[in-house]
Structures are given as structure tokens and as C-alpha cells.
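Below: the structure, in C-alpha cells.
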Amino acid sequence: MQEALSMIYLWLKAGHIIFVVFWLAGLFMLPRQMIYMHPAAPGSDEEALWAKRTGLLRKIILTPSLVVVWVLGIALAFTLGAWDQGWLHAKLLLVVLMTAYHGVMVGKARKMARGDRPLSERQLRMWGEAPGILLALIVVLVVVKPF
């Protein structure tokens with residue numbers, strides 16, 4: 001039984017890591033695509049092309065990866081029995097923040113697709129750093145388990 005559980009754990013962990021990479025790749029790409037859309041005239045063909053690209057990024061990579069990351073992450077936490085460990089609570093808080101970031105940026109991308117420019121190019125560049133910072137903190141929590 002222990003051997004079966006450890007094999008399930010390894011498959012869950014591999015899947016979780018794979019989909020975290022997909023999700024983060026999408027989160028790094030989204031603000032960059034929004035920067036490229038920024039100078040396009042509202043209603044132009046160029047804006048429509050970037051709006052289509054951001055929509056596809058959301059539908060094909062971001063949202064499915066987000067769902068799989070959460071499902072596999074929760075399954076991992078149950079497999080590990082880690083619900084009472086402080087590092088997991090901190091990690092979950094950061095993942096909730098990453099999920100909120102995801103939602104905010106998707107909302108801003110949709111506004112941009114309608115011709116609005118809710119953020120400047122400089123603000124988009126700064127927002128684009130958030131997933132990397134959150135990722136670094138999450139990795140430290142998972143690997144080092146400081147508490």
C-alpha cells in the first residue's frame with residue numbers, strides 16, 4: 001500500500017510541476033502581449049490580432065493550467081498530510097495571490113481588447129514581475145520548508 005501511495009505522490013508531483021510551468025509561462029507572456037497591444041489604435045486590426053492572441057493564451061494555457069495546478073496541489077497536500085504545516089499555509093496564501101493576479105491581468109487584458117488602456121506600458125512591465133517574485137517565494141517555501 002505504501003508503495004502505491006508513493007507512486008501516486010510522484011505522479012501528482014510531476015503533473016503539478018509541469019502545469020505550474022505552463023501556468024507561469026502564460027502569466028509571463030500575458031503582460032508582454034498586453035505591452036505589444038498597448039500602442040495599437042483601439043478598433044484597429046493590430047489590436048484585434050493581439051486581443052485574439054491574449055484570448056487564446058487565456059483559453060488554451062492560463063485557465064486550464066490554473067485549474068490543474070489547484071487540483072493536483074490539493075491532491076498533493078492530502079497525500080502528504082501537510083495541512084497542519086506552516087509552510088503549506090504560507091504557500092497557499094501565495095498561490096491565492098498568484099490566482100488573484102491571474103484574474104486581475106485577464107480582466108485588464110479584456111478591457112484592453114475593448115479599446116481601454118487601464119495600465120500604462122510601464123505599469124504593465126512592473127506587473128509582469130509579480131509572478132516571478134511569487135514563484136521564487138513559493139519555491140523557497142516548498143523546498144526549504146522554513147516553518
Side-chain angles (χ1 to χ4, degrees), residues 1-38 40 46-114 116-147:
M1 180 67 173
Q2 187 66 8
E3 187 176 317
L5 281 176
S6 74
M7 280 306 294
I8 289 170
Y9 169 78
L10 292 175
W11 282 106
L12 290 172
K13 188 175 180 181
H16 185 68
I17 292 168
I18 290 165
F19 281 92
V20 165
V21 170
F22 292 162
W23 186 31
L24 267 290
L27 289 178
F28 288 133
M29 288 172 58
L30 183 60
R32 177 59 44 196
Q33 288 184 346
M34 292 165 68
I35 289 168
Y36 295 150
M37 187 191 314
H38 205 279
E46 183 181 6
E47 182 190 60
L49 180 62
W50 283 110
K52 179 182 177 187
R53 289 173 179 160
T54 59
L56 288 172
L57 177 65
R58 185 184 79 249
K59 290 176 193 167
I60 295 170
I61 296 173
L62 283 171
T63 301
S65 296
L66 167 70
V67 171
V68 174
V69 164
W70 271 101
V71 168
L72 294 179
I74 290 169
L76 276 169
F78 275 113
T79 304
L80 284 173
W83 292 109
D84 61 343
Q85 297 178 24
W87 68 268
L88 180 63
H89 296 174
K91 178 194 176 191
L92 285 172
L93 173 64
L94 294 176
V95 175
V96 166
L97 289 174
M98 184 96 71
T99 303
Y101 170 86
H102 172 135
V104 166
M105 293 307 288
V106 164
K108 303 251 184 236
R110 286 182 173 157
K111 285 182 180 179
M112 287 186 73
R114 291 191 304 263
D116 297 338
R117 298 296 185 260
L119 298 171
S120 69
E121 286 184 51
R122 184 173 190 273
Q123 288 172 318
L124 285 168
R125 290 179 202 286
M126 291 175 59
W127 273 88
E129 301 301 322
I133 294 165
L134 289 169
L135 175 63
L137 294 170
I138 290 167
V139 168
V140 168
L141 286 168
V142 172
V143 172
V144 178
K145 295 180 175 73
F147 45 88

Just verifying a value: how many Å separate [X] [atom1] and [Y] [atom2], rounded to the nearest 0.5 Å?
{"X": "L141", "Y": "K91", "atom1": "CG", "atom2": "NZ", "value": "9.0 Å"}
{"X": "L27", "Y": "F22", "atom1": "CG", "atom2": "CZ", "value": "13.5 Å"}
{"X": "L72", "Y": "K13", "atom1": "CG", "atom2": "NZ", "value": "13.5 Å"}
{"X": "M37", "Y": "I35", "atom1": "CE", "atom2": "CD1", "value": "11.5 Å"}
{"X": "I74", "Y": "T79", "atom1": "CD1", "atom2": "OG1", "value": "11.5 Å"}
{"X": "K108", "Y": "T54", "atom1": "NZ", "atom2": "OG1", "value": "14.5 Å"}

Just wondering, do [Y] and [X] contact through their side chains at under 4.5 Å, heavy atoms?
{"X": "L62", "Y": "H102", "value": "yes"}
{"X": "R125", "Y": "R32", "value": "yes"}
{"X": "V96", "Y": "W70", "value": "yes"}
{"X": "W83", "Y": "L92", "value": "yes"}
{"X": "M34", "Y": "L30", "value": "yes"}
{"X": "I138", "Y": "M98", "value": "yes"}

Quick one: does any side-chain atom of [X] pair with a main-chain N or O of [Y] as donor and acceptor, under 3.5 Å?
{"X": "H38", "Y": "M112", "value": "no"}
{"X": "H16", "Y": "V68", "value": "no"}
{"X": "T99", "Y": "V95", "value": "yes"}
{"X": "K145", "Y": "V142", "value": "yes"}

Exercise: identify the closest heavy-atom pair between [X] and [Y]:
{"X": "P31", "Y": "L124", "result": "CB-O, 3.9 Å"}
{"X": "I61", "Y": "S65", "result": "O-OG, 2.7 Å"}
{"X": "L88", "Y": "A82", "result": "CD2-O, 3.3 Å"}

[X]: which residues meet the ring-ring contact (aromatic ring centres under 6.0 Å, His included) condition with it, sequence neighbours left out?
{"X": "W127", "result": "Y101"}
{"X": "Y9", "result": "none"}
{"X": "F28", "result": "none"}

